[in-house]
2 protein chains.
Amino acid sequence: MSTIPAHKRIRDDLVAQIESGVLGGRERLPGEVDIAAQYGVTRMTVRQALSGLVNDGLLVRRRGVGTFIATNAAQRRNMNRLVGFTEDMRAAGRTVETRILAQLIVPATSDIADALELTVGVHVTHVGRLRIVDGTPVIIQHSWVPCELCPDLWSEPLIDDSLYATLRDRYGIVLRRADQRIAADAATGERASLFGVPARSPLLRVERVALDDRNLPVEVARSWTRPGYEIATHIER
Amino acid sequence: MSTIPAHKRIRDDLVAQIESGVLGGRERLPGEVDIAAQYGVTRMTVRQALSGLVNDGLLVRRRGVGTFIATNAAQRRNMNRLVGFTEDMRAAGRTVETRILAQLIVPATSDIADALELTVGVHVTHVGRLRIVDGTPVIIQHSWVPCELCPDLWSEPLIDDSLYATLRDRYGIVLRRADQRIAADAATGERASLFGVPARSPLLRVERVALDDRNLPVEVARSWTRPGYEIATHIER
DNA sequence: GAGTGGTCTAGACCACACG
DNA sequence: GTGTGGTCTAGACCACTCT
């Protein structure tokens with residue numbers, strides 16, 4: 001039985017209240033001393049909890065005034081958080097269908113091996129998916145994960161169509177950090193036809209390396225997003 | 001006379017050492033207690049400094065092991081930091097030329113007014129620039145700033161071609177946060193010819209609202225980046 | 001066992017915004 | 001002046017990694 005740190009509990013409570021709409025708009029939170037009293041902790045612990053949310057763009061602090069829910073905080077859920085596509089869309093109330101494009105073991109190419117800190121040719125599981133939101137194909141996702149970490153990933157269906165849920169629930173792997181590179185690509189014929197858009201349409205390409213809590217690289221992902229869809233980010237300080 | 005907080009000094013020292021190459025690779029930092037002793041502060045203060053850098057993706061912490069410089073930390077300088085294009089490129093040793101496309105006062109359109117929390121038609125200064133790095137046109141940047149904040153911006157040359165340097169040094173405005181939306185666009189004829197690429201080439205479009213330290217919106221920016229260039233981001237937790 | 005980072009306490013003083 | 005967040009101290013105990 002592991003104990004959940006107090007600051008994490010406070011943070012999760014606030015996120016839940018923001019996502020459920022209990023807190024919204026530009027509402028003011030109680031002062032840090034009040035929250036501290038409410039949870040029976042020190043102000044420093046409260047600040048630790050709030051800082052994470054400020055960093056994610058969910059809260060805004062103003063010295064001498066107070067701490068406020070950021071405008072559109074509920075819609076910014078995904079901004080700087082490492083959340084799988086499924087969880088994110090479902091939380092937003094969307095219907096997500098998934099078409100599996102690939103699910104098999106392949107030898108790591110040099111770029112994949114490089115990102116995962118493996119040697120070329122080591123076995124990795126390749127999962128390719130087309131995600132369809134409310135009937136519209138929105139994103140093509142290809143992921144590569146070392147077979148060593150998830151031996152049966154290639155042969156068993158994903159839990160809830162979600163790779164991240166599968167890694168977490170079946171293999172105990174929790175992702176903590178990711179580095180991403182974002183660029184614009186012209187749609188190849190194949191990708192254009194998956195999306196049902198003209199060839200050479202502009203697509204967002206995201207390449208991601210995700211690491212677990214021991215900073216071991218777990219997943220390399222490469223995705224293309226349908227024209228018209230956006231990525232939101234938040235920069236603090 | 002303003003005093004610089006200790007954690008900021010520690011952070012800036014480390015950033016300088018990383019950027020100058022004194023610290024690099026996956027080098028280990030001294031332990032938190034050692035750094036604390038070195039600066040004559042508490043461990044909590046050191047942790048405050050380090051946390052910011054971990055969040056920016058420059059450092060990696062491993063419990064029971066130590067704190068390390070992230071791989072490619074020097075190249076990730078810009079990842080999650082609110083830095084102007086000029087500063088960023090110059091720090092990377094690139095030559096930046098700037099062609100001014102527009103510098104004038106215009107009435108705020110509804111989308112600009114919305115983002116800046118003004119009423120439609122209020123005067124804003126529009127600055128449009130084409131940035132040329134090592135001879136290649138790389139980014140088209142359009143910014144809108146309320147005239148109230150910077151009355152002479154339209155008529156005076158920018159300091160060092162940098163809008164952010166001008167806002168800081170001439171008007172005392174320091175940017176603290178930004179929300180960005182990233183998408184892929186097909187190049188219009190005009191933008192294609194500025195870049196010297198075929199029409200309908202895929203471009204990265206970034207729309208940004210930047211806020212100052214009092215959380216007042218200062219700048220709306222809309223930029224397009226030449227095909228082949230990327231944006232890097234880091235997600236923590 | 002020794003050393004590291006993760007969490008937390010119980011205070012303190014300061015800078016700032018607002019009435 | 002009052003209340004807010006910003007910074008900081010001087011400890012403490014814990015979980016984890018490595019040897």
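Worth knowing before you read on, the calculation uses all heavy atoms, side chains too, and leaves out hydrogens, waters and symmetry mates. It should be emphasised that the depicted structure is a prediction, and the values quoted were computed from it without experimental measurement. So you know, we letter chains A, B, ... as the sequences are listed, proteins then strands, and number each from 1.
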Any side-chain donor-acceptor pair under 3.5 Å between S51(A) and R61(A)? yes
CZ of R9(A) versus C1' of dC8(C): gap in Å, rounded? 16 Å
Whole-Å distance, Q48(A) CD to dG5(C) C1', equals 12 Å
Counting just side-chain N and O atoms, does T42(B) come under 4.0 Å of either OP1 or OP2 of dG11(D)? no
For H7(A) and V33(B), find the nucleotide of DNA chain C closest to each by heavy atoms; which residue's nucleotide sits nearer the 5' end? V33(B)
note: I10(A), atom CD1; dC8(C), atom P; distance rounded to Å ~ 8 Å
Take D34(A) and G40(B), find for each the nucleotide of DNA chain D with the closest heavy atom, and name the residue whose nucleotide sits nearer the 5' end. D34(A)
Testing R181(B), R208(B), Q180(B) for side chain to side chain contact (heavy atoms under 4.5 Å, CB included) with T233(A), which one passes? Q180(B)
What string of B, S and - do you get for nucleotides 14-19 of chain D 5' to 3' if you count protein non-hydrogen atoms under 4.0 Å? -BBB--
Check this one for me: any side-chain N or O of T67(A) less than 4.0 Å away from OP1 or OP2 of dG5(D)? yes
Can you tell me if the side-chain N/O atoms of R47(A) get under 4.0 Å from OP1 or OP2 in dG5(D)? no
Ignoring hydrogens and angles, state whether a donor on the side chain of T109(B) or D111(B) is under 3.5 Å from an acceptor on the partner side chain. yes
Can you tell me how far C1' of dG6(D) sits from CG of L59(A), to the nearest Å? 16 Å
Candidate pair R11(B) and D56(B), rule salt bridge (charged side-chain N to carboxylate O under 4.0 Å, His left out), full reasoning: CA-CA 11 Å; R11(B) 190 198 60 187; D56(B) 289 346; over 6 Å; no
Please report the distance, rounded to the nearest Å, between CZ in R43(B) and P in dC13(D). 14 Å
Do the ring planes of H142(A) and H126(A) sit parallel (below 30°), tilted (30 to 60°) or perpendicular (above 60°)? tilted
P217(B): which of D114(B), L116(B), L149(B), V145(B) passes side chain to side chain contact (heavy atoms under 4.5 Å, CB included): L116(B)
Quick one: E32(B) CD to dT7(C) P, roughly how many Å, whole number? 11 Å
Write down the distance between CE (M44(B)) and P (dG11(C)), rounded to a whole number of angstrom. 16 Å
Report yes if the side chains of R176(A) and L211(A) come closer than 4.5 Å at any heavy-atom pair, otherwise no. no
What's the CZ-C1' distance between R11(A) and dT7(C), to the nearest Å? 14 Å
